[in-house]
Number of protein chains: 2
Amino acid sequence: MQYFVAVAEERHFGRAAERLGISQPPLSRAIRQLEVRLGTDLFTRTSRGVELTEPGNVLLRESRAALAAVAAAERRTRRAATDEPVVLVVKAAATGPLVTDLLERHAAEPGAAPVRLEPCAIGEQVRTLRDGRADAAVLHLPYDDLTGLDIVEIGQEPQVVFIGRSHPQSGRDSLTLAEVQELLHDAPTPRWADADGRIPDGPGPIARDHGQLQALVALGQATWLAPASCRAMMRPDIVAIPVPDAEPITTVLAWPAHGTSDAVAHLVATATRTAAALQG
Amino acid sequence: MQYFVAVAEERHFGRAAERLGISQPPLSRAIRQLEVRLGTDLFTRTSRGVELTEPGNVLLRESRAALAAVAAAERRTRRAATDEPVVLVVKAAATGPLVTDLLERHAAEPGAAPVRLEPCAIGEQVRTLRDGRADAAVLHLPYDDLTGLDIVEIGQEPQVVFIGRSHPQSGRDSLTLAEVQELLHDAPTPRWADADGRIPDGPGPIARDHGQLQALVALGQATWLAPASCRAMMRPDIVAIPVPDAEPITTVLAWPAHGTSDAVAHLVATATRTAAALQG
DNA sequence: CCGCCTGATACCCGCCGGGTATCGCGAGAG
DNA sequence: CTCTCGCGATACCCGGCGGGTATCAGGCGG
């Protein structure tokens with residue numbers, strides 16, 4: 001299955017073999033065996049590489065999910081063995097008071113497992129959950145894709161728009177979503193590399209990290225709509241203007257759905273109580 | 001991994017080996033190798049069988065998920081190869097006009113893949129999706145567990161309570177949820193075998209199929225709160241009484257989240273349009 | 001104390017997955 | 001048109017791993 005994914009991604013038996021650390025003929029044979037077993041061709045062989053067939057495309061998607069599940073099994077078992085702490089991934093950019101509060105309450109619990117915080121790249125969090133590198137994650141709705149995860153809501157916060165201090169609108173004490181759309185027309189939201197390292201098409205400058213994003217915003221080249229707690233980590237020459245009619249951002253604690261360890265269950269229970277306490 | 005799951009489930013090397021169709025020593029060795037590879041014991045061996053360790057429990061959960069993913073990959077690829085129709089599972093009991101309408105619209109689409117309807121046992125639908133036996137399913141919220149699935153809402157319907165025609169309340173033209181609770185006290189909801197074939201504990205008579213459920217309701221031994229469309233398949237000596245303050249049941253089309261085939265995407269698109277048309 | 005049932009160990013064998021060498025073929029250059 | 005180059009396929013060999021049988025070791029019950 002790894003072999004198949006490698007060939008599908010490289011679209012080339014030779015390169016795939018090199019990547020896998022084996023030689024090309026066994027790889028050819030392995031793929032052929034897989035095709036026989038499944039009763040269908042997975043690639044159309046041409047004289048200059050290979051292309052995926054439709055069943056091949058199906059298998060590629062499914063294989064990626066299956067391999068992630070297998071890797072997760074191994075990683076989680078390893079970690080369960082060494083009673084390492086629960087790994088909680090957070091967006092480096094979005095560590096608001098919600099998370100610190102949750103961690104404090106959790107630490108105060110009797111018998112609570114230690115929690116190791118793990119910052120990670122934007123958009124990478126869900127993947128770390130799926131392949132077992134992490135046990136739980138703090139995500140923000142509606143940005144993240146929650147399929148395969150259970151969640152508990154731990155907070156909501158309004159959105160603000162970040163613009164440079166010298167921006168003509170920087171004196172406003174609130175903006176409507178329509179007005180934000182206007183701003184975005186002149187200075188679009190920066191584009192990030194996504195989980196695959198690819199930059200999506202579209203307008204907007206390209207930012208590689210959070211510092212670049214802030215620089216763009218400060219220079220009036222970009223506008224950024226984000227949860228209000230992001231205010232805490234923005235440079236002083238950027239102002240945050242509330243956008244009351246923007247959908248509030250929901251912060252959730254997420255974990256893989258198919259059952260969890262006691263340690264994660266404990267963390268989740270704490271999160272549930274924390275959320276209840278904050279609401280009440 | 002299959003080996004590990006077998007031993008974990010049987011809690012006995014000999015029986016597990018028999019189930020796997022191999023002999024006991026290679027199984028012992030395979031498990032030992034796995035333990036070495038993961039760097040932790042997975043079982044505590046006693047003189048009368050084995051018990052799972054804590055890492056073993058983790059691996060059992062993860063392995064089940066991973067094996068389901070692998071099985072799904074194989075099945076879906078096979079079906080993609082033979083351009084078999086999309087398989088859509090439905091609760092045998094709940095094939096209301098929503099589904100027939102969806103299917104009619106889909107069939108009218110140019111180039112739409114054929115759809116094969118597959119009835120299945122209550123509670124079994126989500127499992128058929130996860131292990132690749134089906135491509136899509138009609139589910140009802142909030143009954144089904146949606147983790148790992150993408151959904152599109154295709155309709156909502158109010159709930160009704162089903163009671164026998166001779167029931168003292170059968171003349172009412174609506175009941176409150178509180179009144180239904182009263183009814184349930186005397187004649188609880190029947191219990192079904194769940195996906196594992198286990199009957200949950202609790203009050204209420206046991207029903208093996210839909211006919212038995214109806215018999216129990218007709219005899220005044222059971223009360224059944226269900227979506228209004230179920231009315232269509234109930235015997236005439238059962239009456240349906242609207243329960244306006246019961247949470248309406250949402251019907252959704254669900255499919256595995258991690259990308260789908262063109263055929264399923266087409267069906268989903270049709271469902272989305274159907275839902276929009278019905279709402280508009 | 002003995003017997004039985006458990007999992008572990010010892011040992012052998014066939015086959016599958018890895019290697020190297022080579023072939024067949026289609027595309028592109030001259 | 002042909003030669004060449006680059007691709008995947010094939011042929012063949014080998015070692016190790018996964019399977020088998022026979023047997024051992026230990027704990028619990030009779």
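By convention in this document, chain letters (A, B, ...) are assigned in the order of the sequence lines, proteins followed by strands, and residues within each chain are numbered from 1.
Take the nearest nucleotide of DNA chain C for A:Pro25 and for A:Ala30: the residue whose nucleotide is more 5' is A:Ala30.
Of all nucleotides in DNA chain C, those with any atom nearer than 4.0 Å to a heavy atom of chain A start and finish, going 5' to 3', at C:dG17 to C:dG28.
One can place CG of B:Leu20 at 9 Å from P of D:dG19, the figure rounded to the nearest angstrom. In this structure, CD of A:Gln24 is placed 7 Å from C1' of D:dA9, rounded to the nearest angstrom. The separation between B:Arg45 atom CZ and D:dC28 atom P is 17 Å, rounded to whole Å.
Not counting sequence neighbours, A:Phe13 has no partner by the ring-ring contact (aromatic ring centres under 6.0 Å, His included) test.
Under 4.0 Å is where a charged nitrogen must lie from a carboxylate oxygen, and between B:Glu62 and A:Arg75 no such pair does. Between B:Glu109 and B:Arg105 no salt bridge is recorded (no basic side-chain N to carboxylate O distance below 4.0 Å). Under 4.0 Å is where a charged nitrogen must lie from a carboxylate oxygen, and between B:Glu9 and B:Arg15 no such pair does. Using a cut-off of 4.0 Å between Lys/Arg side-chain N and Asp/Glu carboxylate O, A:Glu54 and B:Arg79 are scored as not salt-bridged.
The aromatic rings of A:His106 and A:His266 lie perpendicular to each other, with more than 60° between the two planes, well past the 30° mark.
The phosphate of D:dG8 has OP1 or OP2 within less than 4.0 Å of a side-chain N or O from A:His12.
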Check nucleotides 13-18 of chain D against the protein and report each pair of N or O atoms closer than 3.5 Å, with its distance, or say if there are none.
none

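Remark: the backbone N or O of B:Ala8 is paired with a side-chain donor or acceptor of B:Arg11 at under 3.5 angstrom.
In this structure, B:Trp255 CH2 and B:Leu139 CG are separated by 11.0 Å, a value rounded to the nearest 0.5 Å.
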